[in-house]
Protein chains: 2
Amino acid sequence: MKPHRELSIFRKYLEKRGLKLTSERQALFDELFARHEHFEADELLVRLRTKHKKISRATIYRTLDLLVDSGIVGRVRIGESGYRYERLRAGEHHDHLICNECGRVIEFFEPAIESLQDQVCEKYGFLALSHSHQLRGICRQCRPRVSSREAGRAAAAAAVPGGKLRILPTA
Amino acid sequence: MKPHRELSIFRKYLEKRGLKLTSERQALFDELFARHEHFEADELLVRLRTKHKKISRATIYRTLDLLVDSGIVGRVRIGESGYRYERLRAGEHHDHLICNECGRVIEFFEPAIESLQDQVCEKYGFLALSHSHQLRGICRQCRPRVSSREAGRAAAAAAVPGGKLRILPTA
DNA sequence: ATGCGATTGCGACTCAGTCTCAACTGGCGT
DNA sequence: ACGCCAGTTGAGACTGAGTCGCAATCGCAT
Ligand SMILES: [Zn+2]
Ligand SMILES: [Zn+2]
Ligand SMILES: [Zn+2]
Ligand SMILES: [Zn+2]
């Protein structure tokens with residue numbers, strides 16, 4: 001178990017405000033960095049319950065708040081309800097492609113989009129502090145399956161005038 | 001009260017699937033088109049309760065579902081919890097700038113971003129069906145107030161190396 | 001008028017997340 | 001090593017947003 005750059009950040013974060021690195025917080029941190037990229041709070045809870053101890057839901061949320069606040073973990077509105085969390089690689093940023101079929105989450109980063117965002121903000125005199133940008137649809141793996149399922153009637157629907165696929169806002 | 005293009009769309013939508021344009025649905029539709037651009041379900045409920053009748057919460061949600069499904073209304077994840085709804089001008093699309101201070105919602109549309117999105121999708125073989133893109137921060141009107149409040153200590157924090165404002169994902 | 005599926009209001013329910021509080025640490029000060 | 005006490009924890013009550021089940025009603029074609 002290497003010294004984890006992130007762990008020292010967390011430690012520092014706690015120290016700076018007189019908080020303690022308890023065994024629960026450690027356990028959560030470890031579990032978090034041992035696997036998944038994107039997960040939800042209750043998922044983490046279950047995993048910690050089996051392996052580690054009788055940690056409570058409140059503690060999960062409380063600790064996650066600390067991690068988010070310290071910048072080590074990100075909280076994202078993926079999925080239809082609730083949040084998902086993900087560890088953040090220091091200084092990196094990305095947005096998400098989310099498959100409606102399999103739930104797969106693909107991360108992307110498009111510098112040109114990021115800078116256009118800045119331009120939009122400038123135009124409106126808006127000071128951006130954060131943003132979320134996600135596209136929902138069907139991922140490469142699921143496309144064959146879905147399109148065969150839609151077989152017949154899809155052909156008619158596809159012949160929409162205007163050609164270009166229309167993208168509507170939703171989530 | 002003009003014939004509303006949208007009303008006829010809704011009417012058609014209902015007809016097509018053997019549903020009825022009840023007085024509740026009418027009332028909701030009217031209220032919706034009489035005002036606000038962005039609103040939440042319970043807001044609508046209250047307004048309908050005072051003016052119109054003893055409409056139930058379930059009906060609000062059910063009707064809103066129909067409107068969303070018919071494409072007349074959009075459901076967006078603005079704000080920290082729950083959804084917001086907004087009437088959609090036929091064929092138009094926009095994304096959002098949301099002020100953390102006053103809650104104001106500014107709509108924007110940047111074609112270049114939209115097309116870059118398409119490119120990202122192509123790159124990953126992803127078929128986008130919808131997307132949501134929102135920036136949170138401080139709007140023009142709130143900036144003076146906020147920056148004066150932050151006065152002193154902000155000066156130090158602003159002297160971050162790297163210059164460019166870092167935008168982190170959140171909502 | 002009658003019939004029957006669609007619709008409604010109500011209230012119970014779910015789900016994710018928050019709060020309260022008494023019991024329990026962690027770790028500095030001695 | 002010992003004690004203290006702010007910080008922390010688990011359990012469970014609670015909240016808010018939205019959903020569900022159902023009996024009573026409604027709308028409309030016959
Ligand atoms: Zn981004
Ligand atoms: Zn991610
Ligand atoms: Zn867009
Ligand atoms: Zn809008």
Side-chain angles (χ1 to χ4, degrees), chain A residues 7 10-29 31 38-70 73-85 103 170-171, chain B residues 10-29 31 38-50 52-70 73-85 103 170-171:
Chain A
L7 182 52
F10 189 36
R11 225 191 266 283
K12 218 160 292 172
Y13 170 88
L14 293 174
E15 207 164 320
K16 192 172 305 173
R17 51 205 79 195
L19 306 180
K20 297 165 186 170
L21 178 46
T22 65
S23 70
E24 289 82 356
R25 287 173 185 170
Q26 255 299 351
L28 195 153
F29 183 96
E31 186 61 30
H38 298 86
F39 55 90
E40 21 195 274
D42 281 0
E43 219 173 299
L44 235 195
L45 175 62
V46 172
R47 282 196 277 129
L48 282 171
R49 278 270 170 81
T50 64
K51 330 197 98 190
H52 293 276
K53 39 176 64 186
K54 73 207 181 79
I55 196 168
S56 97
R57 205 141 69 93
T59 299
I60 301 282
Y61 282 106
R62 289 186 287 227
T63 307
L64 246 10
D65 284 348
L66 294 176
L67 287 163
V68 168
D69 196 54
S70 72
V73 164
R75 183 191 282 116
V76 202
R77 270 260 171 73
I78 282 173
E80 277 309 283
S81 86
Y83 294 104
R84 299 271 222 120
Y85 296 85
T170 298
Chain B
F10 190 35
R11 225 189 268 283
K12 219 161 292 173
Y13 170 86
L14 294 174
E15 208 164 319
K16 192 173 305 173
R17 52 205 77 196
L19 305 180
K20 297 164 188 171
L21 179 47
T22 65
S23 69
E24 288 83 357
R25 287 174 186 167
Q26 255 299 351
L28 196 153
F29 183 97
E31 187 61 30
H38 298 87
F39 55 90
E40 21 196 273
D42 281 0
E43 220 173 299
L44 235 194
L45 175 63
V46 172
R47 282 196 277 128
L48 281 171
R49 276 270 171 81
T50 63
H52 293 276
K53 39 175 63 186
K54 72 206 180 85
I55 195 167
S56 100
R57 206 141 70 93
T59 298
I60 300 283
Y61 281 106
R62 288 186 287 227
T63 307
L64 246 11
D65 284 347
L66 294 176
L67 287 163
V68 168
D69 196 55
S70 71
V73 165
R75 184 192 280 118
V76 202
R77 269 260 172 74
I78 282 172
E80 277 309 282
S81 86
Y83 294 104
R84 298 273 221 119
Y85 296 84
T170 297

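As the structure is a prediction and not an experimental result, all values here were calculated from the model. Protein chains get the first letters and strands the later ones, always in sequence-line order, with residue 1 at the start of each.
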(request) Let me know the distance between CD1 of Ile55(B) and P of dC26(D), rounded to the nearest Å. (result)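 Going from Ile55(B) (CD1) to dC26(D) (P), I get 15 Å.
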
(message) Can you measure Leu45(A) atom CG to dA11(D) atom C1' for me and round it to whole angstrom units?
(response)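 From Leu45(A) CG to dA11(D) C1': 13 Å.
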
So do [Y] and [X] actually touch side chain to side chain, heavy atoms under 4.5 Å?
| X | Y | value |
| --- | --- | --- |
| Gln26(A) | Leu7(A) | yes |
| Glu31(A) | Leu28(A) | no |
| Arg75(B) | Asp65(B) | yes |
| Val46(B) | Asp42(B) | no |

(message) With the threshold set at under 4.0 Å for non-hydrogen atoms, list the residues of residues 14-23 of chain A touching DNA chain C in residue-number order.
(response)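 Those residues whose heavy atoms fall under 4.0 Å from DNA chain C, taken from residues 14-23 of chain A in numerical order, are Lys20(A).
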
(message) Let's see if you get this right: which residues in residues 56-68 of chain B place a heavy atom under 4.0 Å from DNA chain C?
(response)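 Result for residues 56-68 of chain B: Ser56(B), Ala58(B), Thr59(B), Arg62(B), sorted by number.
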
(message) With a strict under 4.0 Å distance from non-hydrogen atoms of chain B, what nucleotide opens and what nucleotide closes the contacted stretch of DNA chain C, reading 5' to 3'?
(response)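 From 5' to 3', the first and last contacting nucleotides are dG5(C) to dC10(C).
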
(request) Report yes if at least one side-chain N or O of Arg25(A) is closer than 4.0 Å to OP1 or OP2 of dG7(D); otherwise report no. (result)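 No.
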
(message) If you assign Ser81(A) and Glu24(A) each to the DNA chain C nucleotide with the nearest heavy atom, which residue ends up on the more 5' nucleotide?
(response)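 Nearer the 5' end of the strand: Ser81(A).
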
(request) Decide yes or no on side-chain contact (heavy atoms from CB on, under 4.5 Å) for Glu24(B) and Thr63(B), but give the supporting numbers first. (result) CA-CA 9 Å; Glu24(B) 288 83 357; Thr63(B) 307; 5.7 Å; no

Measuring from atom [atom1] of [X] to atom [atom2] of [Y], what distance do you get when rounded to the nearest 0.5 angstrom?
| X | Y | atom1 | atom2 | value |
| --- | --- | --- | --- | --- |
| Glu40(A) | Ser81(A) | CD | OG | 7.5 Å |
| Phe29(B) | Arg11(B) | CZ | CZ | 9.0 Å |
| Leu21(A) | Leu66(A) | CG | CG | 10.5 Å |

(request) Taking the six-membered ring of Tyr13(A) (Phe, Tyr or Trp), confirm whether the NZ or CZ of Arg17(A) is under 6.0 Å from its centre and within 45° of its axis. (result)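 Checked: cation-pi criterion met.
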
(request) For Thr22(A) and Thr59(A), run side-chain contact (heavy atoms from CB on, under 4.5 Å): C-alpha distance rounded to whole Å, both residues' side-chain angles, the deciding distance at 0.1 Å, then the answer. (result) CA-CA 11 Å; Thr22(A) 65; Thr59(A) 299; over 6 Å; no

